[in-house]
Amino acid sequence: MQFRNFKMVSYVVFGRGCFNQLDEIIAPHRKNNAPFIFLIDHVFEGKPLTERIPLRSNDKILFADVTHEPKTKQVDAIAQQLKDEFGTISGIVGIGGGSTLDLAKAVSLMMNNPGSSADYQGWDLVKKAGVYKVGIPTLSGTGAEVSRTTVLTGPTRKLGMNSDFTPFDQIILDPELIKNAPANQRFYTGMDCYIHCIESLEGTYLNEFSKSYGDKALQLCRYIFLEKDVWDDECDDKLMMASYAGGMSIAYSQVGVAHAVSYGLSYLLGTKHGIGNCIVMNHLEEYYPEGQKEFKRMVEKGGYEIPQGICKGLTDKQFDTMINVSLGMKPLWENALGKNWESIMTREKLRALYEKL
Ligand code: NAD
Ligand code: ZN
């Protein structure tokens with residue numbers, strides 16, 4: 001048996017207002033004339049958070065357009081722009097939701113690796129460390145702040161750059177930054193964490209490392225989404241830690257059916273990760289009976305909107321595309337259904353599931 005020896009985030013700071021330590025934290029990483037790049041979710045353009053960025057000398061703010069989930073083209077363009085303008089940079093600080101965090105990780109890697117980010121979609125293809133990178137979440141749930149991947153849509157597939165060089169060197173977890181997220185968005189991203197827990201805890205890859213973190217994240221999700229009647233600061237604190245623990249849980253296991261099916265939606269229809277997982281989880285009574293019931297209670301309690309009927313009117317060819325993308329996620333299916341998953345999740349069965357969404 002070969003156990004996975006994985007790289008984690010090197011430094012973590014947690015606390016309300018810890019964003020104020022950013023200047024001090026990155027100071028030792030400044031190199032000569034090489035600037036720091038602050039890649040900020042475009043939702044913060046003109047907002048007070050942008051004024052709090054500790055800009056020095058030739059540092060630069062770039063706003064990340066996250067209208068769509070990150071693409072390899074977008075990563076390549078940002079990295080090229082920075083190489084053309086500065087040659088090299090001291091580091092990159094990603095501030096935003098999972099999309100911006102993933103962009104920042106990928107741009108960091110592409111500052112030091114040749115070719116296109118599409119060349120590195122897969123497992124352990126990245127050969128050199130990227131530039132110093134910092135992640136600062138403004139939404140919680142994806143676990144992108146702790147993971148060893150950055151999910152990118154490329155010319156031929158949606159797949160992460162999974163490598164030991166991918167995790168952040170530093171993350172800054174300040175619950176004040178997620179405070180003003182719109183309730184529906186907060187829920188979709190929060191449910192990404194809840195679904196990570198269910199998929200990891202119900203999966204065949206589970207071990208005690210994964211289970212310990214998964215149990216904790218699940219307990220936090222239940223408290224904030226089922227027990228609390230009003231969303232307050234405590235909920236933000238707990239959601240931020242749930243995302244961290246949920247990410248740690250899947251670091252040593254894998255996600256499952258909701259993610260595998262949701263990847264197909266995302267590839268064909270551009271459905272975003274959080275909401276896509278929710279759309280699928282809503283119909284997974286056969287695979288996660290308890291989890292699906294509890295998920296529905298959370299939706300009901302908060303009065304959130306989960307779209308229905310998104311696959312209506314699709315052609316056979318379109319269903320085939322989604323099925324191909326989904327069945328391509330082999331480790332996810334194996335984790336969910338075991339080694340003989342192919343005989344359980346047939347194309348017909350998956351088609352019937354897509355038709356229900
Ligand atoms: P997101 O980053 O896509 O952002 C969703 C929306 O919320 C955007 O419009 C954004 O501008 C806005 N937003 C962000 N912070 C806000 C705030 N504080 N207030 C108001 N609006 C805000 O959403 P997400 O759910 O955090 O991330 C999803 C992305 O994460 C997907 O691209 C997915 O592939 C990726 N992901 C990565 C991993 C990983 O391990 N690397 C894991 C899961 C998901
Ligand atoms: Zn996810």
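Across all non-hydrogen atoms, the minimal contact from Thr156 to Tyr267 is O-OH, 3.6 Å. In this structure, Leu101 and Gly135 approach most closely via the heavy-atom pair CD2-CA, 3.9 Å. Across every non-hydrogen atom of Val12 and Leu173, the tightest pair is CG1-CD1, 4.0 Å. Minimum heavy-atom separation, Leu39 to Ala104: CD2-N, 3.8 Å. Between Leu109 and Asn113, the shortest heavy-atom contact is O-ND2, 2.9 Å. Heavy atoms only, all atoms of each residue included: Tyr288 and Gly256 are closest at OH-CA, 3.6 Å.
Within a 6.0 Å sphere centred on NZ of Lys216, heavy atoms belonging to other residues, nucleotides or ligands number 12 at most. Annotation for His42: atom NE2 counts as buried by contact number, over 12 foreign heavy atoms lying within 6.0 Å.
Cys311 has its side chain within reach of Met322: a pair of non-hydrogen atoms, C-beta onward, lies under 4.5 Å apart. By the 4.5 Å heavy-atom criterion applied to side chains, Phe187 and Val299 are counted as neighbours.
Linking Ile, Leu, Val, Met, Phe, Trp and Tyr whenever their side-chain heavy atoms come within less than 4.5 Å leaves Ile53 and Ile92 in two separate clusters. Val146 and Val13 are assigned to two separate hydrophobic clusters, defined by single-linkage of ILVMFWY side chains at heavy-atom distances under 4.5 Å. Under a hydrophobic-cluster definition in which Ile, Leu, Val, Met, Phe, Trp and Tyr are linked whenever side-chain heavy atoms come within less than 4.5 Å, directly or via other members, Ile37 and Ile40 are assigned to different clusters. Linking ILVMFWY residues whenever their side-chain heavy atoms come closer than 4.5 Å, directly or via other members, places Met161 and Val107 in the same cluster. Criterion: ILVMFWY side-chain heavy atoms under 4.5 Å apart, direct or through other members. Under it, Met329 and Leu152 are not part of a common hydrophobic cluster.
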Task: Stepwise salt bridge (Lys or Arg N to Asp or Glu O under 4.0 Å) test for Lys301 and Asp229 - done: CA-CA 9 Å; Lys301 172 146 181 123; Asp229 287 320; 2.6 Å; yes
TODO: Start with the C-alpha distance between Glu300 and Lys296, add both sets of side-chain angles, then the distance that settles salt bridge (Lys or Arg N to Asp or Glu O under 4.0 Å), and finish with yes or no.
DONE: CA-CA 6 Å; Glu300 233 164 72; Lys296 288 198 156 197; over 6 Å; no
Task: Residues Asn277, Ser262; criterion side-chain hydrogen bond (donor to acceptor under 3.5 Å, both in side chains); working and verdict - done: CA-CA 6 Å; Asn277 287 341; Ser262 154; 3.0 Å; yes
Open item on the list: Would Arg186 and Ile178 count as a side-chain contact (heavy atoms from CB on, under 4.5 Å) here? Give the steps.
Closed with: CA-CA 8 Å; Arg186 180 176 65 207; Ile178 66 171; over 6 Å; no
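With hydrogens and angles disregarded, a donor-acceptor distance shorter than 3.5 Å links the side chain of Ser90 to the backbone of Ala34. Between the side chain of Ser210 and the backbone N or O of Asn207 there is no donor-acceptor pair closer than 3.5 Å.
Defined by atom type and a distance below 3.5 Å, a donor-acceptor pair is present between the side-chain atoms of Ser212 and Glu208. Checked by atom type, the side-chain pair Ser117/Asp76 shows a donor-acceptor distance below 3.5 Å. With hydrogens and angles left out, the side-chain atoms of Arg347 and Asn324 include a donor and acceptor closer than 3.5 Å. Between Glu334 and Tyr205, the side chains place a donor N or O and an acceptor N or O closer than 3.5 Å (distance only, hydrogens not considered). Checked by atom type, the side-chain pair Ser140/Ser243 shows no donor-acceptor distance below 3.5 Å.
Aromatic ring pairs are classed by plane angle as parallel below 30°, tilted from 30° to 60° and perpendicular above 60°; the pair Tyr252 and Phe6 is perpendicular. The aromatic rings of Trp231 and Phe225 sit tilted, their planes meeting at an angle between 30° and 60°. In this structure, Tyr354 and Phe319 have tilted ring planes: the angle between them lies in the 30° to 60° band.
Evaluation of the salt bridge (Lys or Arg N to Asp or Glu O under 4.0 Å) test over residues 78-89, restricted to residues two or more places apart or in two chains, returns Lys60-Glu85. Listed by first and then second residue, the salt bridge (Lys or Arg N to Asp or Glu O under 4.0 Å) pairs that reach into residues 100-122 come to none, sequence neighbours excluded. Within the structure, the salt bridge (Lys or Arg N to Asp or Glu O under 4.0 Å) test picks out the following pairs touching residues 142-169 (sequence neighbours left out): Glu69-Lys158, Asp124-Arg148, Arg148-Asp164. Residue pairs that meet the salt bridge (Lys or Arg N to Asp or Glu O under 4.0 Å) test with at least one member in residues 38-58, sequence neighbours left out, are Asp23-Arg56.
Lys73 pairs by the side chain to side chain donor-acceptor pair (under 3.5 Å) definition with nothing, not counting sequence neighbours. Listed by chain and number, the residues in a side chain to side chain donor-acceptor pair (under 3.5 Å) with Glu234 are Tyr223, Lys228, Lys238 (sequence neighbours excluded).
The salt bridge (Lys or Arg N to Asp or Glu O under 4.0 Å) test with Arg222 singles out one residue from Glu294, Glu290, Glu227, and that residue is Glu294. Paired with Phe38 under the rule side chain to side chain contact (heavy atoms under 4.5 Å, CB included), one option of Leu22, Leu62, Thr50, Val134 passes, and it is Leu22. Exactly one of Lys31, Met110, His29, Met111 qualifies for a side chain to side chain contact (heavy atoms under 4.5 Å, CB included) with Val131. That residue is Met111.
Taking the six-membered ring wherever Trp is involved, the centroid distance between the rings of Phe209 and Tyr213 falls below 6.0 Å.
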